[in-house]
Number of protein chains: 2
Amino acid sequence: MAKSIKEIAQELNVSKSTVSLVINHKAERARISKELESRVLAYVEKVGYKPNALAKSLATGRSNTIGLIVENIGDSFFGPFALYVEELFRKKNYHVLYSSTLGDPQNARDIIDSMLEKKVEGIILAPTVDLEEYQRKILEHKVPLVVFDRNSPTVETHYVHIDNEVSGKNACDYLKSIGCRNFGLVTIDSDQPQMLARKRAYLAFCDTYGMEPRILQLPYQHLKQKGSRMLKNWAAKQVGLDGLFFTTNYLCILGLKVLRSAPENSYNFPMFSFDDHELFDILIPKISCIQQPLEPLAKTCVKVLLKEIDQGISIPKEYVISTKLIKR
Amino acid sequence: MAKSIKEIAQELNVSKSTVSLVINHKAERARISKELESRVLAYVEKVGYKPNALAKSLATGRSNTIGLIVENIGDSFFGPFALYVEELFRKKNYHVLYSSTLGDPQNARDIIDSMLEKKVEGIILAPTVDLEEYQRKILEHKVPLVVFDRNSPTVETHYVHIDNEVSGKNACDYLKSIGCRNFGLVTIDSDQPQMLARKRAYLAFCDTYGMEPRILQLPYQHLKQKGSRMLKNWAAKQVGLDGLFFTTNYLCILGLKVLRSAPENSYNFPMFSFDDHELFDILIPKISCIQQPLEPLAKTCVKVLLKEIDQGISIPKEYVISTKLIKR
DNA sequence: TATTTCTACTAAAACGTATTAGTAAAGATA
DNA sequence: TATCTTTACTAATACGTTTTAGTAGAAATA
């Protein structure tokens with residue numbers, strides 16, 4: 001159906017080389033006459049010829065595709081982040097091949113393998129746990145890599161992130177400032193470094209002010225069913241609890257659903273979220289939060305990756321984006 | 001860096017063909033001896049050889065990639081939808097190349113062109129307006145196409161959607177049942193068929209019950225700034241307004257922000273959304289809505305597309321997924 | 001006029017795979 | 001022993017591009 005460069009050449013009675021050179025704006029350099037150049041151009045336009053990108057990539061070694069690996073494209077952090085990334089790359093004529101790991105390392109490994117096989121020119125990755133080996137693999141393949149949101153401390157990569165520890169401290173200080181004296185932490189049962197950092201901040205706060213730590217770790221798998229029950233039971237047992245710090249927005253949402261919609265509505269204390277959400281400012285009461293600025297985050301990832309692609313792989317660096325505490 | 005089949009062959013002192021046949025499980029058919037087969041397999045495993053997917057696709061004509069074109073991957077309808085799609089295709093060993101049109105036909109056309117150039121094996125598309133020609137182009141290239149959410153009536157494609165007119169009628173009936181006698185419609189100023197159908201349902205309802213139609217159309221571009229102002233001004237002018245029917249969830253959210261957070265809080269009537277949102281059930285008052293079942297929607301799209309890919313392009317059909325009215 | 005330089009192209013090789021037709025050697029048949 | 005089959009492979013071609021080295025003819029130089 002789609003014509004090849006060979007057919008175009010035959011129909012014009014010229015060589016494939018000529019057509020290829022003209023199409024790629026190398027006519028001048030190759031001393032193709034203006035006359036022939038415009039004849040080729042006109043014909044190509046007329047029949048709507050488009051080169052086969054696979055063949056082109058194979059020949060040039062450039063796929064014009066980058067891989068974006070997130071935890072869950074459907075969630076309110078990674079989804080909008082992905083949109084920014086896509087838009088930024090579109091401007092540079094790159095396409096984005098995305099995939100969600102859902103937190104499963106095996107998914108992540110499969111995704112990475114097939115992205116490497118498809119010869120992506122770079123990868124932006126929010127790693128799962130146990131992914132050190134595969135991050136090294138990416139680097140061994142000389143594919144530029146930028147890691148964001150969380151990293152794996154034992155492998156050196158460019159790393160774009162927020163300062164979780166400082167942000168977590170700010171969150172605790174804020175809760176204290178509005179009167180909470182016995183607030184707990186609800187987090188996820190994984191060893192993702194950013195979650196650990198948020199927990200560390202909370203523990204440090206407890207230590208400083210002599211507050212008794214109350215921590216609940218919920219399972220990422222089947223969070224909705226299992227997590228709801230666990231949270232309900234846990235909360236019922238806490239005496240004197242006067243606030244909750246959730247380490248992600250989806251945990252906070254779960255908390256709101258489980259605790260606020262309880263008929264007695266007995267949990268009338270402040271709930272604070274790490275990560276904003278588009279409806280947090282119209283809930284009653286409104287939800288204060290740590291806001292990760294998505295656009296700067298995305299911009300930095302893209303900028304760093306493009307630089308690696310254009311100028312070759314460089315020594316890994318860290319890029320820290322500062323967060324905002326939104327008081328509501 | 002990455003080894004090619006040629007190098008593998010040389011190192012094993014066999015031909016490229018042998019290696020290729022073994023790798024693709026055609027050893028038996030090609031009468032390669034068991035002994036040699038396992039020797040090749042072992043070596044391939046040992047050096048971690050992975051075929052170059054671009055070359056493979058070029059040779060076979062199969063890219064194992066499908067294109068997903070949505071309006072906005074960051075929003076709460078398309079994001080989770082995309083996750084389902086991705087998961088379903090992953091199981092069948094396909095990868096998803098996604099892109100957001102942001103409602104701009106020129107974006108959509110560029111995206112379609114480059115997906116065709118990359119030889120995707122099928123496309124799932126939520127079309128923008130003015131995209132008829134390009135949908136025909138996809139079909140002319142013999143690439144299977146499934147359109148969802150909205151379609152372009154003048155081009156025949158497989159079309160997966162909900163019944164917007166019936167759903168719209170149900171929404172109006174519901175508002176009537178809870179006592180609204182003068183509710184308005186807030187929609188978007190585009191000619192997307194699904195939006196028009198929702199509006200038609202509202203107008204028909206007005207006609208049936210002699211209710212005076214009050215319709216506000218907001219611009220998709222710069223919705224947040226412009227739309228907020230327009231909505232505020234419009235609402236202020238409506239006397240006796242006792243309810244609002246928003247034709248999308250992001251419009252409803254805008255409505256909630258603009259009207260509910262008004263200090264006077266003078267707009268204390270029911271607001272109804274077309275499309276659910278994860279926080280609608282913890283707002284006070286809760287938001288009732290028409291719920292589009294994402295998973296069946298995604299499953300149907302994927303199933304239909306896979307069938308087209310496997311069994312060849314067939315006569316276009318419509319697939320109607322029924323909605324649920326969620327009363328809260 | 002013999003040599004060099006330009007002009008305007010093209011032939012050929014390469015990218016890494018899949019596939020089909022072919023082939024040499026061994027075994028079976030008559 | 002001459003022919004046919006079977007076994008176990010391989011050579012060659014194709015997929016659709018890019019790119020570099022090459023070339024024939026015209027123009028310029030000496």
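Quick note on labels: first sequence line is chain A, next is B, and so on, each numbered from 1. Predicted model only: the values in this text are computed from it and were never measured.
With hydrogens and angles left out, the side-chain atoms of A:K118 and B:T65 include a donor and acceptor closer than 3.5 Å.
Nucleotide C:dC9 holds its P atom 13 Å from the CG atom of A:N13, rounded to whole Å. As rounded to whole Å, 13 Å separates atom P of C:dA18 from atom CD1 of B:I8. In this structure, NZ of B:K6 is placed 6 Å from P of C:dC15, rounded to the nearest angstrom. Atom NZ of A:K118 and atom C1' of C:dC15 are 19 Å apart (whole Å). Between the P atom of C:dT7 and the CD1 atom of A:I32 lies a distance of 13 Å, rounded to the nearest Å. At whole-Å resolution of the value, CZ in B:R31 and C1' in C:dA25 are 14 Å apart. When the C1' atom of C:dA18 is taken as reference, atom CZ of B:R29 falls 11 Å away, rounded to whole Å. Atom P of nucleotide C:dC9 and atom CD of A:E37 are separated by 11 Å, given to the nearest angstrom.
The shortest distance between the side-chain N/O atoms of B:T60 and the OP1/OP2 oxygens of C:dA18 is not below 4.0 Å. When the side-chain nitrogen and oxygen atoms of B:K16 are compared with OP1 and OP2 of C:dT17, none of them lie within a distance under 4.0 Å. Here B:Y49 does not reach the OP1 or OP2 of C:dG16: none of its side-chain N or O atoms lies under 4.0 Å away.
Nucleic acid contact class of B:S4 (heavy atoms, under 4.0 Å, all strands): sugar-phosphate only. Residue contacts for A:S33: at a heavy-atom cut-off of 4.0 Å it reaches the sugar-phosphate backbone alone, with no base atom in range. Across all strands shown, A:T18 has heavy atoms under 4.0 Å from base atoms, whether or not it also approaches the sugar-phosphate. Across all strands shown, A:A30 has heavy atoms under 4.0 Å from base atoms, whether or not it also approaches the sugar-phosphate.
Scanning for ring-ring contact (aromatic ring centres under 6.0 Å, His included) contacts around B:H95 gives an empty result, with sequence neighbours left out.
For A:L36, the listed nucleotide lying nearest its side chain is C:dC9; candidates were C:dC9, C:dT17, C:dT19. The A:S15 side chain lies nearest to C:dT10 when the options are C:dT10, C:dA18, C:dT17.
For B:F81 and B:F148, the ring centers sit closer than 6.0 Å to each other.
In the 5' to 3' direction, nucleotides of DNA chain D lying under 4.0 Å from heavy atoms of chain A begin and end at D:dG16 to D:dT19.
Note on A:E87 versus A:K92: no salt bridge recorded, every NZ/NE/NH1/NH2 to OD/OE distance being 4.0 Å or above. Under a 4.0 Å N-O distance rule, the pair A:E11/A:K3 qualifies as a salt bridge. By the 4.0 Å N-to-carboxylate-O rule, A:R150 lies close enough to A:E71 to be salt-bridged with it. Electrostatic pairing of B:E140 and B:K137 does not count as a salt bridge here, judged by no charged N lying under 4.0 Å from a carboxylate O. Residues A:R136 and A:E132 are not paired through a salt bridge, judged by the lack of any N-O separation under 4.0 Å between the basic side chain and the carboxylate.
For B:S17 and B:L54, each mapped to the nucleotide of DNA chain C holding its nearest heavy atom, the one lying further toward the 5' end belongs to B:L54.
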